[in-house]
S.K.: 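Provided herewith is a single structure, encoded as C-alpha cells, for subsequent inquiry.
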Amino acid sequence: MRFPFSREINMRTQIVAGNWKMNNDLAQTQALISDLKKQVQTSNAEVMIAPAFTNLYSAFEALRHTNIEVVAQNMHFAESGAYTGEVSAKMLQSIGIKTVILGHSERRAYFGETDELLAKKVDAALANNMRIIFCFGEELADRKSGNHESVVESQIKKALFHLEYSAFNNIILAYEPVWAIGTGETASPEQAQEMHAFIRKTLADKYGEEVANSVSILYGGSVKPANAKEIFSNPDVDGGLIGGAALNAEDFFAIVNAFNRI
Ligand code: PEP
C-alpha cells in the first residue's frame, strides 16, 4: 500500500494534460472544447489542454469557469523584440495563460531546441511566474544501449539544475520516451516506474527528498484509456501528458478518470 500512503504525505498533484500539437483549427477547437465540457466531472487530477497558439485565447475564454486549464505548447525566452514568429511569456500571460510546455521532443527534434536553449526558456517562464511542464526522454537507441538513465539525467541537469529549490514549486516534469510518442508503443508500467523513481532520486540527490517528493512527474507516450490506469497506478507516476488520445473528448476523460478508479 505504498502508493496512496506516500501520496498523502507528499501532496504532489496528479495531472493529466492534453497536448493537441498542430491539430484543430478554430472551429475544431471550439467543437472539441464543447465535447470536453460535456465530459467534465469531479476528478482527482488537475486537467489541462494545450491547443495551438491561434486558438489559445478562444479556448481560455470557453473554459474560464471550468476546472480545465488552458496551457501553451511553447514560448520564446525573450520578453519581446525581433524574433519573427515567436511568442513570449508576457504575451501568453496577457491572455490568461499560466502554464507552458517546454522541451517537448518534437521541439527538440524538429526545431533544434537544445538543453541550453531550454534552460533559457525555463528561466524566462519562471521569471514571469509561469508554471512549466518540462519534457524530456530518451530515444530508442539510448534505451537499447542501456543509456536511457544517463540521457535523462543529463537533460534534467542541463536545463534545470541551475535553479534554486523554490523554483520546483512551478515545475512539473514529463518523462516522454521518444520511442513511445505517437507510435502506439508504451513504456511498460515497470519501465515507467523505474525511470520515474530514477528521476525522483536524481532530484533528491541535488535538492533533497522534500523537493523531490513534491514534484509531479507525468508519463507521456501513447497513453490510452486502455493502459492509463496501469501506468498511473505506479507510485512515482503522477499523471500523463497525452497526445493523440487528447484529441477525442471521451478518450481524454477516460484517461483523466483512470485516476478516480485507482
Ligand atoms: C506527446 O506528444 O506528448 C505524446 C505523449 O503523444 P502520444 O500520446 O500521441 O504518444
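Note that ligands are numbered from 1 as they come in the structure, with each ligand's atoms numbered from 1 the same way.
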S.K.: Is there a donor-acceptor contact under 3.5 Å linking the side chains of Glu69 and Thr99?
M.R.: yes

S.K.: Ligand 1 and Glu106, any nitrogen or oxygen pair closer than 3.5 angstrom?
M.R.: no

S.K.: Judged by modelled atom types alone, do Thr29 and Asn24 share a side-chain donor-acceptor pair under 3.5 Å?
M.R.: no

S.K.: Taking the six-membered ring for Trp, is the centroid-to-centroid distance between Phe232 and Tyr219 below 6.0 Å?
M.R.: no

S.K.: Atoms of ligand 1 less than 4.0 Å from Ser222 heavy atoms?
M.R.: 7 (P), 8 (O), 10 (O)

S.K.: Under 4.0 Å from a heavy atom of Gly182: give me the atoms of ligand 1 that qualify, with their elements.
M.R.: 7 (P), 9 (O), 10 (O)

S.K.: Can you see whether Asn129 engages Lys98 through a side-chain donor-acceptor pair at a distance of less than 3.5 angstrom?
M.R.: no

S.K.: At a non-hydrogen distance cut-off of under 4.0 Å, which region of Asn19 contacts ligand 1 (side chain, backbone, both, or neither)?
M.R.: side chain

S.K.: Can you confirm, on distance only, whether ligand 1 has an N/O atom lying under 3.5 Å from any N/O atom belonging to Gly244?
M.R.: yes

S.K.: Quick one: side chains of residues 75-83, donor-acceptor pairs under 3.5 Å with protein atoms, not counting sequence neighbours, listed by atom name and distance.
M.R.:
unit_1: His76; atom_1: ND1; unit_2: Ala78; atom_2: N; d: 2.9
unit_1: Glu79; atom_1: OE2; unit_2: Asn128; atom_2: ND2; d: 3.3

S.K.: Report the nearest protein non-hydrogen atom to atom 4 (C) of ligand 1: residue, atom name, distance rounded to 0.1 Å.
M.R.: Gly243 N, 3.6 Å

S.K.: Can you find an N or O of His104 that's nearer than 3.5 Å to an N or O of ligand 1?
M.R.: yes

S.K.: At their closest point, which heavy atom of Ala245 faces which heavy atom of Asp251, and how far apart are they?
M.R.: O-CB, 3.6 Å

S.K.: For a quick test of your reading: what N or O donor-acceptor pairs under 3.5 Å do the side chains of residues 162-171 make, sequence neighbours left out?
M.R.:
unit_1: His162; atom_1: NE2; unit_2: Asp123; atom_2: OD1; d: 2.7
unit_1: His162; atom_1: NE2; unit_2: Asp123; atom_2: OD2; d: 3.4
unit_1: Asn169; atom_1: ND2; unit_2: Ser166; atom_2: O; d: 3.4

S.K.: What is the nearest protein non-hydrogen atom to atom 3 (O) of ligand 1, stated with its residue, atom name and distance?
M.R.: Glu176 OE2, 2.6 Å

S.K.: Within the 4.0 Å heavy-atom shell around Ala180, which atoms of ligand 1 are there?
M.R.: 10 (O)

S.K.: If you count the atoms of ligand 1 from 1 in the order shown, which ones are under 4.0 Å from a heavy atom of Gly221?
M.R.: 5 (C), 10 (O)

